[in-house]
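Reviewing the structure listed below.
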Amino acid sequence: MKLKDATPPDATFDPAAAAIEVGGVSADSRTVRPGDIFVALAGNKTDGARFISAALSAGAAAVMAEQKPAELGSAAFIQVSNARRALALTASRVFPQQPATIAAVTGTSGKTSIAAFVRQIWSELGLRAASVGTVGVVAPDREVYGSLTTPDPVELARTVDELAREKVSHLIVEASSHGLDQYRLEGLRVRIAAYTNLSRDHLDYHPTMEAYLAAKLRLFTELVSADGTAVINALDEHAPQVISAARRRGLNVITTGGADSTIAVEHLTRDGFGQRIDVRYAGKQHRVALPLVGGFQVENALVAAGIVIASGGDVARTFAALGNLEGAKGRLERAGVFHDAPIFVDYAHKPGALEKTLEALRPYASRRLVVVFGCGGDRDAGKRPIMGAIAAEKADTVIVTDDNPRSEDPAAIRAAIMAAAPGATEIGDRAQAIREAIHALEAGDVLVVAGKGHETGQIVKDRVLPFSDHEAVAAALQQEKAA
Ligand SMILES: CC(=O)N[C@H]1[C@@H](OP(=O)(O)OP(=O)(O)OC[C@H]2O[C@@H](n3ccc(=O)[nH]c3=O)[C@H](O)[C@@H]2O)O[C@H](CO)[C@@H](O)[C@@H]1O[C@H](C)C(=O)N[C@@H](C)C(=O)N[C@H](CCC(=O)O)C(=O)O
Ligand SMILES: Nc1ncnc2c1ncn2[C@@H]1O[C@H](COP(=O)(O)OP(=O)(O)OP(=O)(O)O)[C@@H](O)[C@H]1O
Ligand SMILES: N[C@H](CCC[C@H](N)C(=O)O)C(=O)O
Ligand SMILES: [Mg+2]
């Protein structure tokens with residue numbers, strides 16, 4: 001395609017460059033192919049401008065940047081005011097196909113669960129549906145694991161284009177705060193934007209909670225199309241700010257979960273490991289039998305229903321479909337039982353999630369609620385004592401272990417948690433921590449192994465050691481059986 005067709009309208013370049021043929025776009029000199037546009041981004045670790053000569057050696061036909069580089073060789077220069085935004089917009093021109101209906105969900109917790117729910121409901125309504133997020137790409141024809149919640153803009157645009165070619169008509173994408181802050185989703189034609197909640201996370205990246213919320217609000221104030229719909233969990237304390245941002249933008253607003261919400265909860269009862277909900281929407285009552293544990297899953301399920309209804313889904317069939325939902329892998333998932341005590345694997349790796357998960361399981365523990373968890377290295381260290389205190393307050397038995405120490409000293413991470421969790425036991429080796437927790441279980445106990453959810457590795461220094469909480473639980477149960 002021609003350079004002028006690949007670049008966003010506000011890009012400026014020498015008119016002679018307009019007709020240059022470009023092959024693709026990359027912000028990484030290591031993946032540049034001959035004929036590509038190289039976009040120089042000022043990064044968090046280094047500056048892409050330092051790699052312009054490497055990109056030119058790799059055959060870049062043009063360099064896109066906010067400032068003109070000293071050396072360009074024979075390559076064209078494309079000046080833009082916001083290189084990250086321009087990268088995503090260029091990627092969406094290079095990869096132009098998109099499913100007709102795209103929804104994006106943001107919030108500290110619940111995105112992966114909601115993406116899985118929405119995909120399942122759409123599929124049940126007979127639509128070709130896909131999701132992109134923490135657990136990768138899940139589509140009718142394939143499942144591909146990814147490393148980021150919101151992929152980088154080039155990979156995202158390429159994936160979305162492929163999905164459209166695979167005849168996916170309905171897509172839901174997780175919009176992380178990093179993704180929104182770094183303009184990874186620009187160029188996506190988002191018709192429905194959803195918000196779950198806001199609690200402490202990623203304060204190693206966002207300077208304040210206000211900045212963290214502001215990144216999330218971009219989905220409503222800038223990204224979703226002006227005639228789109230906002231679906232907002234009314235039970236979250238920051239919901240009023242999201243609702244007013246959505247209203248200011250002129251979006252259609254659907255609120256969920258509260259007594260006065262568009263999708264209102266009239267009555268809620270626990271029913272074994274499921275829940276019965278009477279929901280009211282547009283003057284009509286719908287009875288929902290949700291086969292999932294935890295009040296937060298009700299919030300997630302209703303946001304998911306709101307998204308599907310906003311996309312034109314049949315209302316009665318949408319609420320009926322909630323009765324068949326499967327939880328996302330490793331989200332408060334029952335992974336086994338020992339001495340009649342259920343064992344859950346959960347992805348709570350931030351304070352708000354840990355609190356909600358322990359609260360959700362408390363009613364099932366007639367004896368002890370036991371939690372095994374740790375905190376990731378190279379991530380917001382401030383979370384550690386907060387999570388320690390929450391575990392000590394909300395659980396009866398706390399075992400502090402390792403969860404992706406990365407470059408940090410695992411013992412120091414555990415010590416920061418332990419300092420705020422009086423009475424907790426420290427067992428660094430995660431498999432051993434799980435074994436000891438299971439060995440001590442008795443009828444009436446409930447165990448939750450939190451923090452890794454669907455993950456399949458333990459990141460120690462630069463190595464990813466194979467590790468799965470599901471497998472560790474299964475191995476421990478096997479060992480108990482053999483004993
Ligand atoms: C802090 C952060 O978000 N960093 C992301 C960001 O990197 P960056 O742009 O700051 O990159 P950088 O390393 O400083 O390099 C600057 C530029 O030089 C380029 N470069 C670098 C080296 C070279 O040889 N040649 C070259 O051209 C790089 O490609 C880049 O364009 O943009 C990259 C491309 O999109 C991401 O891969 C990278 O994610 C890193 C790996 C990461 O760990 N991100 C996590 C924290 C993240 O994004 N998490 C969120 C939230 C998860 C959650 O909600 O829990 C997610 O969406 O997954
Ligand atoms: N609505 C919710 N409110 C509070 N906590 C929740 C909610 N939904 C899920 N959680 C907790 O957060 C964990 C992660 O859930 P999920 O993966 O759906 O969220 P996410 O927003 O995609 O998280 P991440 O940003 O880590 O990918 C769950 O295992 C559970 O402990
Ligand atoms: N996307 C999140 C996942 C964290 C999962 C947890 N197991 C940890 O390593 O802290 C992050 O990279 O911060
Ligand atoms: Mg997620």
Side-chain angles (χ1 to χ4, degrees), residues 1-98 132 137 144 146-165 173 175-176 178-189 205 218 222-223:
M1 80 195 302
K2 295 202 183 345
L3 183 142
K4 71 172 171 38
D5 299 321
T7 49
D10 60 342
T12 55
F13 42 82
D14 185 335
I20 292 178
E21 277 298 319
V22 294
V25 61
S26 173
D28 189 337
S29 60
R30 294 161 292 192
T31 63
V32 167
R33 283 174 309 183
D36 280 357
I37 299 173
F38 174 69
V39 186
L41 301 179
N44 296 281
K45 278 205 215 133
T46 179
D47 189 343
R50 294 175 52 198
F51 304 99
I52 290 175
S53 57
L56 296 174
S57 308
V63 173
M64 183 185 270
E66 291 169 15
Q67 257 123 41
K68 190 166 184 171
E71 282 186 50
L72 263 172
S74 60
F77 174 58
I78 306 161
Q79 185 148 32
V80 289
S81 56
N82 179 335
R84 284 193 186 270
R85 189 164 176 273
L87 167 66
L89 293 175
T90 304
S92 69
R93 286 164 176 254
V94 171
F95 299 105
Q97 307 270 1
Q98 298 189 7
V132 172
V137 180
V144 187
S147 59
L148 293 173
T149 285
T150 305
D152 80 72
V154 180
E155 191 190 325
L156 180 61
R158 184 190 296 115
T159 302
V160 169
D161 183 275
E162 285 168 1
L163 291 171
R165 287 170 201 275
V173 178
S176 68
H178 293 77
L180 289 163
D181 187 59
Q182 294 168 19
Y183 300 90
R184 294 182 200 159
L185 299 117
E186 241 68 12
L188 269 199
R189 290 188 284 279
Y205 179 86
R218 280 201 63 244
E222 294 175 39
L223 247 165

From [X] [atom1] over to [Y] [atom2], what is the distance, rounded to the nearest 0.5 angstrom?
X	Y	atom1	atom2	answer
Ile78	Thr12	CD1	OG1	9.5 Å
Gln67	Gln79	CD	CD	7.5 Å
Asp36	Met64	CG	CE	12.0 Å
Phe51	Leu41	CZ	CG	11.5 Å
Leu188	Leu156	CG	CG	5.0 Å
Arg93	Lys4	CZ	NZ	10.5 Å

Using the side-chain contact (heavy atoms from CB on, under 4.5 Å) rule, take Phe38 and Ile52 through it: C-alpha gap first, then chi angles, then the decisive distance, then the call. CA-CA 8 Å; Phe38 174 69; Ile52 290 175; 3.9 Å; yes
Return the minimal non-hydrogen interatomic distance between [X] and [Y], and the atom names on each side.
X	Y	answer
Leu87	Val39	CD1-CG2, 3.8 Å
Asn82	Tyr183	ND2-CZ, 3.3 Å
Val63	Pro69	CG1-CG, 4.3 Å
Ala157	Ala91	CB-O, 3.6 Å
Ala75	Ala60	CB-O, 3.9 Å
Leu56	Gly73	CD1-N, 4.4 Å

Is a side-chain N or O of [X] found less than 3.5 angstrom from the main chain of [Y], in a donor-acceptor match?
X	Y	value
Arg184	Thr150	yes
Asp152	Glu155	yes
Asp47	Arg50	no
Gln98	Arg189	yes

Close side-chain approach of [X] and [Y], heavy atoms under 4.5 Å:
X	Y	answer
Val132	Pro151	yes
Ile20	Lys2	no
Phe13	Leu3	yes

Regarding Tyr205 and Gln182, is there a side-chain donor-to-acceptor distance under 3.5 Å anywhere? yes
Going by atom types alone, do Thr90 and Thr7 pair a side-chain donor with an acceptor below 3.5 Å? no
Applying side-chain contact (heavy atoms from CB on, under 4.5 Å) between Arg158 and each of Asp161, Val160, Val154, report the one that passes. Val154
Residue of the set Thr159, Leu185, Val137 for which side-chain contact (heavy atoms from CB on, under 4.5 Å) holds with Val173: Leu185
Glu66 and Arg84 ion-paired at < 4.0 Å: no
With a sphere of 6.0 Å drawn around CD of Glu21, does it hold more than 12 non-hydrogen atoms of other residues, nucleotides or ligands? yes
